[in-house]
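Lettering of chains follows the sequences in order, A, B, ..., and the numbering in each one begins at 1.
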Amino acid sequence: MGTERKRKVSLFDVVDDPAAKMAKTNGGRADGGCAVANNLINRWNGKPYSQRYHEILEKRKTLPVWHQKEEFLQVLKDNQTLILVGETGSGKTTQIPQFVLEAVDIETPDKRRKMMVACTQPRRVAAMSVSRRVAEEMDVNIGEEVGYSIRFEDCSSARTVLKYLTDGMLLREAMTDPLLERYKVIVLDEAHERTLATDVLFGLLKEVLRNRPDLKLVVMSATLEAEKFQGYFNGAPLMKVPGRLHPVEIFYTQEPERDYLEAAIRTVVQIHMCEPSGDILVFLTGEEEIEDACRKINKEVSNMGDQVGPVKVVPLYSTLPPAMQQKIFEPAPPPLKEVRVESLLVSPISKASAHQRSGRAGRTQPGKCFRLYTEKSFNNDLQPQTYPEILRSNLANTVLILKKLGIDDLVHFDFMDPPAPETLMRALEVLNYLGALDDDGNLTKLGEIMSEFPLDPQMSKMLVVSPEFNCSNEILSISAMLSVPNCFVRPREAQKAADEAKARFGHIDGDHLTLLNVYHAYKQNNEDSSWCYDNFVNHRALKSADNVRQQLVRIMARFNLKLCSTDFNSREYYVNIRKAMLAGYFMQVAHLERSGHYLTVKDNQVVHLHPSNCLDHKPEWVIYNEYVLTSRNFIRTVTDIRGEWLVDIAPHYYDLSNFPQCEAKRVLERLYKKREKEKEEARSRK
DNA sequence: GAGCACTGC
């Protein structure tokens with residue numbers, strides 16, 4: 001890799017002249033060119049700028065990136081790829097895409113359509129909120145010239161010239177538009193987070209750039225790993241933008257905290273009592289914890305009565321509806337204090353993200369950062385960077401996407417951090433067993449359809465084949481339910497009632513069918529939220545399952561996969577559903593040994609049924625949705641299946657000549673013999 | 001008979 005060509009751009013401030021720039025880039029447009037040059041008319045929608053535009057513009061000009069605007073544009077002009085390192089508060093996420101838009105020519109031969117600038121974000125909230133902000137800064141309506149695109153919500157139009165989108169969304173777009181031809185410039189933001197999608201986009205874009213000399217790439221990162229990016233992108237120039245606007249003081253605890261949640265709440269209350277007014281941002285790991293913390297903070301503060309001011313606690317996590325998530329961007333009414341409880345990354349975090357989080361405190365004014373661990377622990381225990389997701393994930397889905405993108409030689413695909421060859425091999429093997437890839441590793445017709453579903457390949461497979469089992473409606477519902485957070489609520493003060501409520505949905509043949517019952521009951525009760533509350537199911541989870549289901553239905557329709565159900569009164573109703581599930585999950589099967597333990601077929605692991613299961617017996621064979629390692633090896637969400645079905649539905653996987661000697665093998669041998677005999681009898685009857 | 005959390009499509 002051409003690190004020898006590495007360049008560093010010198011930093012110097014250039015006096016900015018936006019008016020001249022705009023006149024230049026406005027090109028040959030006759031309409032009001034003069035007004036545009038004079039900064040009176042918005043070149044994007046032809047309307048006069050509002051007063052607010054100018055007010056915001058003055059504030060924007062104080063952001064650190066503005067001091068390097070001309071320099072940035074020069075580097076962009078001279079290079080196809082560039083890397084920009086800017087810490088929190090530099091303004092890079094909102095300003096850089098606007099600078100780009102101002103400078104590049106996005107006209108196309110078709111006068112009605114322009115090319116776009118894309119800016120990716122790892123998270124939906126960010127894509128949405130940043131685009132809103134930028135639309136305001138550009139004095140246009142969100143969804144028109146500036147838009148965003150996230151799963152379930154495309155807020156963009158034919159007029160959109162700047163689009164914020166999740167990195168996963170851009171990857172999906174690449175599947176139908178392999179050269180990303182509607183984009184002129186792609187900005188990959190938060191590249192340091194190294195999400196799976198970002199990492200795949202790195203490799204993909206590197207190739208696309210070779211085929212599209214007119215495309216440009218800006219990689220933005222918050223951390224010093226930038227030199228690694230530089231090496232990877234053939235010595236692309238590196239620009240550094242100074243970070244936060246205000247100093248942040250960092251405090252550590254003296255002793256390690258036993259209960260970080262309790263410590264976090266205590267710290268919040270202390271800050272509330274002792275510090276001047278402002279915002280507090282708390283990082284926690286999950287929905288339940290966040291809701292819990294919100295309740296406790298409210299309670300503790302109200303217990304203190306008039307000694308302290310009121311507090312407004314705002315939760316933030318991904319499964320909150322978007323409108324609720326937007327709440328955290330509303331300013332707190334002046335006399336109130338505000339606590340925002342946020343969940344972003346699962347701990348233990350890296351030093352880099354700890355640093356980035358502390359940066360949040362200095363965004364609008366000087367801040368303080370309270371780390372609920374010791375300084376020693378920060379220095380010794382935390383990894384310097386977050387380990388890239390691609391090195392710790394199951395890659396079956398990623399490999400399927402790459403294949404669909406036309407990347408055949410995965411071993412030589414240019415990953416920034418190549419996954420172990422065994423990991424890739426395992427993914428290829430799984431896809432081959434599922435019939436998504438043929439024996440030469442080429443995508444099959446089935447695989448092509450599977451790749452269009454935003455699901456794991458096992459689930460896509462069961463969905464695609466479900467019409468053959470006459471139960472696609474039910475498999476759609478089950479898939480949707482498996483794709484959202486656990487819908488069963490079990491509050492500490494009402495555990496017994498919650499268990500009883502769950503038991504009412506229980507299906508003796510397994511948890512998948514229980515989920516189906518819940519979904520059906522939810523629909524039959526008109527998606528009513530108080531019904532959910534009374535029955536201890538999470539309304540939000542069910543609503544989002546419904547949303548997922550609709551998306552899946554649309555994909556099914558695109559491929560003419562028929563929506564069908566077996567007659568509910570037929571004995572085959574549940575049998576068909578279980579068989580269809582097995583057609584996708586035949587690699588996730590466990591067998592009950594005479595010892596009373598379950599052994600997985602895949603790797604002969606001893607596993608236990610997760611206590612959340614609703615079976616009233618221990619079936620000889622089960623399929624499971626996931627394998628979780630907590631206090632024991634558990635298989636969670638399990639359903640009873642019959643050994644005969646393994647032989648019928650997945651004989652290529654249950655090929656006994658490759659099977660290790662075990663009880664399951666002997667059982668299967670008998671089943672195969674039985675099948676042989678049945679066939680012979682049928683033949684002789686003829 | 002024990003919970004374990006997250007993100008993205």
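- Each of A:H610 and A:F453 was matched to the nucleotide of DNA chain B holding its nearest heavy atom; the match closer to the 5' end belongs to A:H610.
- Across the protein-nucleic acid pair, A:K502 atom NZ and B:dG1 atom P stand 16 Å apart, rounded to whole Å.
- Ion pair A:E452/A:R172 not flagged as a salt bridge, since none of the NZ, NE, NH1 or NH2 atoms sits closer than 4.0 Å to an Asp/Glu carboxylate oxygen.
- Spacing between atom CG of A:N547 and atom C1' of B:dC9 amounts to 13 Å, rounded to whole angstrom units.
- Distance A:Y148 OH to B:dG8 P: 14 Å, rounded to the nearest Å.
- The distance from atom CZ of A:R392 to atom C1' of B:dC6 is 10 Å, rounded to the nearest whole Å.
- Counting only heavy atoms from C-beta on, A:V628 has its side chain closest to B:dA5 among B:dG8, B:dC9, B:dA5.
- Between A:E500 and A:K496 there is a salt bridge, since a side-chain N of the basic residue sits under 4.0 Å from a carboxylate O of the acidic one.
- A salt bridge does not link A:R194 to A:D167: none of the charged side-chain nitrogens sits closer than 4.0 Å to a carboxylate oxygen.
- Counting only heavy atoms from C-beta on, A:F634 has its side chain closest to B:dA2 among B:dC9, B:dA5, B:dA2.
- Protein atom CE of A:M450 is 15 Å distant from nucleotide atom C1' of B:dC9, rounded to whole Å.
- Counting only heavy atoms from C-beta on, A:R123 has its side chain closest to B:dG8 among B:dC4, B:dG8, B:dC9.
- Taking atom CG of residue A:D199 and atom C1' of nucleotide B:dG8, one finds them 14 Å apart after rounding to whole Å.
- Rounding to whole angstrom units, NE2 of residue A:H608 and C1' of B:dG1 are separated by 11 Å.
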Can you list, pair by pair, the side-chain donor-acceptor contacts under 3.5 Å of residues 616-624 of chain A, counting residues two or more places apart and other chains?
unit_1	atom_1	unit_2	atom_2	d
A:H617	NE2	A:D640	OD2	3.0
A:K618	NZ	A:G596	O	2.9
A:E620	OE2	A:H591	NE2	3.0

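- Two residues, A:E626 and A:P454, neighbour DNA chain B, and the one matched to the more 5' nucleotide by heavy-atom proximity is A:E626.
- Here the nucleotide nearest the side chain of A:R636, chosen from B:dC4, B:dC9, B:dG1, is B:dC4.
- For A:D456, there are no side-chain hydrogen bond (donor to acceptor under 3.5 Å, both in side chains) partners at least two apart in sequence or on another chain.
- Counting non-hydrogen atoms under 4.0 angstrom, A:T166 reaches the backbone sugars and phosphates but no base.
- Rounded to an integer number of Å, the gap from CD of A:E193 to C1' of B:dC6 is 12 Å.
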